Every structure is written in structure tokens, then in C-alpha cells.
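Below you'll find the structure I mean.
When reading the values below, keep in mind they use all heavy atoms of this one structure, side chains included, and skip hydrogens, waters and symmetry mates. What you see is a predicted model; the values in this text were computed from it and never measured.
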Amino acid sequence: MDNLTHSLVGWALAETGLKRRTRFGTAALVLAANLPDIDVLFGWAPWPPLAMHRGFTHGLPGGVLLLPPLLALLLWLWGRRRPAPESAPPLHFGWLLALCWLGALTHPLLDMQNIYAVQLLSPFSDRWFHTDGLFIISPWLLALLGGGIWAARRYRRPRYALAGVAAAVLFIGVNIAISALAWDAPRIDAPYANPDRVFAAPEPLAFWRRDVVWRQDGAIAFGRFDPFVRQAALLDFTVPAPDNMSDPRVAAAAASSRQVAKFLVWSQMPAARIVDNGRCSKVTFGDGRFTGPMMSRNFSVSAIHCGARY
């Protein structure tokens, strides 16, 4: 999710009354809600789980358990060095720590709602978790959270912020249920597929619609799903196209490029397009979640391999 959404989640939780538990209560929740994205500063790191976006810092061991105490300590030290306004609640390290843990927990739980997924168990597992419940930037979620915050501050009633948070949770739950229907649609009706991987991407405004992509036997197919039109079937779907990942030219190109190797660690539904040019092959790697039925230039990397013919 975008950082505005993460910030609004932390702010909305603060407005439920949690901000009065300790000085810097709002800061703790908002900063912690964005803390896992610190991994964007460590793309150079030699340790892959840290260099991977949505890896270690988005996992329960790192981003939720280990990082929040550091933030809480920094806020506590800052508060000890600066005089507090008379209206501010007392500085309480225990509550700072609890709020930092709570704010940090919301981050991977939100990021798990879209098809980018997160490695919740990193570094102990590289498995990706996703529920496909939200578009990467959901205007509906922004409105629910923003409305709750506005009402709570306008009328000085924390229950409005709590209502906004509850409405956001309900909205996410409904969308997860819709995505679950979309995941099953290719299996229980035409094309009667048996995918080894499936994603259902929500639209930003028509949040109930899904762009479905699945992989089976080394081929990727796409379809559209709308529960208001057909509750258990796709509206339409494409003919599966080979992902070419078993082609020896693809393996050779991947082995020749560090950038491609990093891309393939991140990619969850890789596909390759091969263009032969004399004795060399240019291989473009994409991800089925984002390329659509036709290979696009977005989220793609290329490598050229020159050598033996296959």
C-alpha cells in the first residue's frame, strides 16, 4: 500500500484514544505504520532478505518484533531531552513500545492485501503471502480512514475514528471474500483450470471487479471476474500462453545477469519473451501479475545471451 494509507491507519488508531496513553502517541503509531518501508534504503545490502523490498523488514520477526523497540527508544530519548507541553500526557516507555508494535503490525497486514504480497516469515521462509483484497492505492480505504479521523477531530469523539477503522476492516474483509471467489472461478467453471498459482487484482474504483491471472503447466492465462455478473465464473479468459521459463536460452540469460537474478527472486509469476538475433538471444523477463495478456515494458528486465544454440 502507499504511505499515505499507512499513515492514515496509524493516525486513525491514534484518534481512537490511543494518543492519550503517552506523549508522542500519535507519532509512534504513524511512524511505526511506515517503519517497514525502511528497506528501500537497503537495496545495496549483501544480505538478500534485507535488500528485498517487502522481505525482512515486512516480516513478523524483523519489521514487527525487532524494529519497533528501536523506534520506541528513539522517541523516549527525544522526549526526555525536550520539555513537554502542559497539556501533553506523561511520557511512558511501555505505551510507546506497545503503540510502535501495533503500528508496525498494521504495515505488513495492509501490504498483504494486494498482489505485490509480503514475505511474512522472512528470513526463515521466502514464501510470499497475499489476500488480493485491495488495489495498491484504494480511494475507498482512504475515504473511510480519512472520514473517521476528520469526524473524531471535528466533534472530539474518538468513537468516530473507531468507526472508521471498523469500516475499513469490514471493507477489507468483504474484498478478501470476493478475491476468494475469483481465485476459484477458473477451477469450478470454464476453463476448468488447475492452477499452481493464481492472483486476483482488484480495480481501484470498481473494487468488486478482479483481473485474474493464473499459471498452470508452464503457461499463464488471464480472465476477468465480476461477482455482480457471475458469482462463480469468469466473464472471459484468454488462451494460456507459455511462460518460456523452461527454455534453455532463458536459463542461460538469467544466469548471465545479476539484475535478472534479483528480479526472479522477487517475481512470483515470471514469464520470458525471447528474441533471437543471429547468434544471440535477447530475453525479456516480466511478471504475469503486471504484464497483462501482452508483455509490457513495466516491471521487466532484459538480458542478452550469446553462445551455443539450443
Side-chain angles (χ1 to χ4, degrees), residues 1-37 54 58 63-64 68 71 75 85 87-89 95-96 98-118 130-182 200-211 225-228:
M1 302 300 293
D2 63 295
N3 290 103
L4 175 58
T5 301
H6 286 301
S7 298
L8 288 181
V9 169
W11 192 2
L13 289 172
E15 293 297 335
T16 64
L18 292 176
K19 67 179 182 181
R20 304 301 303 173
R21 299 296 182 176
T22 178
R23 188 179 171 201
F24 300 143
T26 299
L29 283 162
V30 174
L31 290 175
N34 288 277
L35 185 60
D37 277 341
R54 296 194 173 201
H58 284 65
V64 176
L71 176 59
L75 290 172
S87 59
W95 270 108
L96 278 177
L99 296 182
C100 286
W101 267 327
L102 175 60
L105 178 61
T106 67
H107 191 108
L109 292 181
L110 265 184
D111 279 357
M112 191 171 65
Q113 303 309 315
N114 53 66
I115 62 173
Y116 290 77
V118 294
H130 63 100
T131 67
D132 302 353
L134 295 171
F135 186 70
I136 188 68
I137 302 176
S138 172
W140 300 99
L141 191 62
L142 292 173
L144 291 172
L145 294 169
I149 293 169
W150 175 84
R153 294 180 63 84
R154 173 66 175 81
Y155 300 106
R156 298 185 179 182
R157 294 290 188 271
R159 65 173 179 266
Y160 291 124
L162 185 60
V165 172
V169 171
L170 178 62
F171 176 74
I172 292 172
V174 168
N175 274 277
I176 292 174
I178 294 174
S179 289
L181 294 174
E203 295 184 9
L205 293 178
F207 62 84
W208 58 92
R209 295 176 183 167
R210 298 291 184 271
D211 293 322
F225 178 79
D226 188 328
F228 292 114

Task: Nearest heavy atoms of P68 and G63, plus distance in Å - done: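 Distance-wise, the nearest heavy atoms are CD-O, 3.3 Å.
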Open item on the list: Can you tell me how far apart NE2 (H107) and CG (N3) are? Round to the nearest 0.5 Å.
Closed with: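 So the NE2 of H107 and the CG of N3 are separated by 7.0 Å.
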Task: Parallel, tilted or perpendicular: ring planes of F207 versus F171, cut at 30 and 60 degrees - done: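 Perpendicular.
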TODO: Would you please test D111 and H6 for side chain to side chain contact (heavy atoms under 4.5 Å, CB included) and show each step?
DONE: CA-CA 9 Å; D111 279 357; H6 286 301; 3.0 Å; yes
Open item on the list: Would you compute the distance between atom CG of L110 and atom CG of L105 and round it to the nearest 0.5 angstrom?
Closed with: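 Atom-to-atom, L110:CG and L105:CG are 10.0 Å apart.
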Open item on the list: Nearest 0.5 Å, please: how far is CG in L141 from CE in M1?
Closed with: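 These two atoms lie 5.5 Å from each other.
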Open item on the list: Checking the side chain of H130 only, and the main-chain atoms of M112 only, is there a donor and an acceptor separated by less than 3.5 Å?
Closed with: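 Such a contact is absent between H130 side chain and M112 backbone.
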Open item on the list: I'd like to check the side chain to side chain contact (heavy atoms under 4.5 Å, CB included) partners of A206; sequence neighbours left out, ordered by chain and number.
Closed with: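 By the side chain to side chain contact (heavy atoms under 4.5 Å, CB included) rule, A206 matches E203, W208, R209.
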Task: Whether S138 side chain and F135 backbone form a donor-acceptor pair below 3.5 Å - done: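 Answer holds: no.
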Open item on the list: Could you go through I136 and D2, starting from their C-alpha distance and side-chain angles, then the distance that decides it, and tell me whether this counts as side chain to side chain contact (heavy atoms under 4.5 Å, CB included)?
Closed with: CA-CA 7 Å; I136 188 68; D2 63 295; 5.9 Å; no
Open item on the list: Restricting to non-hydrogen atoms, name the atom on K19 and the atom on P89 that form the minimum distance, rounded to 0.1 Å.
Closed with: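 Shortest heavy-atom separation between K19 and P89 comes out as O-CG, 4.1 Å.
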Open item on the list: Donor-acceptor check, side chain of R54 to backbone of A117, threshold 3.5 angstrom: yes or no?
Closed with: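 Between the backbone of A117 and the side chain of R54 there is a qualifying donor-acceptor contact (under 3.5 Å).
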Task: Least distance between heavy atoms, I137 atom then P139 atom - done: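 Closest pair (atom of I137, atom of P139, distance): O-CD, 3.3 Å.
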Task: Any donor-acceptor N/O pair, N114 side chain to D132 backbone, under 3.5 Å - done: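 No; zero donor-acceptor contacts below 3.5 Å.
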Open item on the list: Return the OG1 to CG distance between T22 and L75, rounded to the nearest 0.5 Å.
Closed with: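 It is 9.0 Å, given to the nearest 0.5 Å.
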TODO: Heavy atoms only: give me the nearest A88-R23 pair and the separation to one decimal.
DONE: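 Answer, listing the atom of A88 first, then R23: CB-CG, 4.4 Å.
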Task: Least distance between heavy atoms, F24 atom then L96 atom - done: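 Of all heavy-atom pairs spanning F24 and L96, the closest is O-CD2, 4.0 Å.
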Open item on the list: I'd like to check W11 versus L29 (side-chain heavy atoms, cut-off strictly below 4.5 Å). Are they in contact?
Closed with: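 No, every pair of side-chain atoms sits at 4.5 Å or beyond.
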- [ ] Would you give the length of the straight line joining atom CG of L170 to atom CG of L144, rounded to the nearest 0.5 angstrom?
- [x]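 Result: 9.0 Å between the selected atoms.
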- [ ] Take T5 and L134, measure what side chain to side chain contact (heavy atoms under 4.5 Å, CB included) needs, and give me the verdict at the end.
- [x] CA-CA 12 Å; T5 301; L134 295 171; over 6 Å; no
- [ ] Please tell me if the side chains of I178 and F225 come closer than 4.5 Å, counting only heavy atoms from C-beta onward.
- [x]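 Yes; the side chains approach each other to less than 4.5 Å.
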Open item on the list: Using every non-hydrogen atom in the two residues, find where C100 and A28 come nearest and quote the distance to one decimal.
Closed with: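 Closest heavy-atom pair between C100 and A28: SG-CB, 3.9 Å.
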Task: E15 side, atom CD; R20 side, atom CZ - distance, nearest 0.5 Å - done: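 So the CD of E15 and the CZ of R20 are separated by 10.5 Å.
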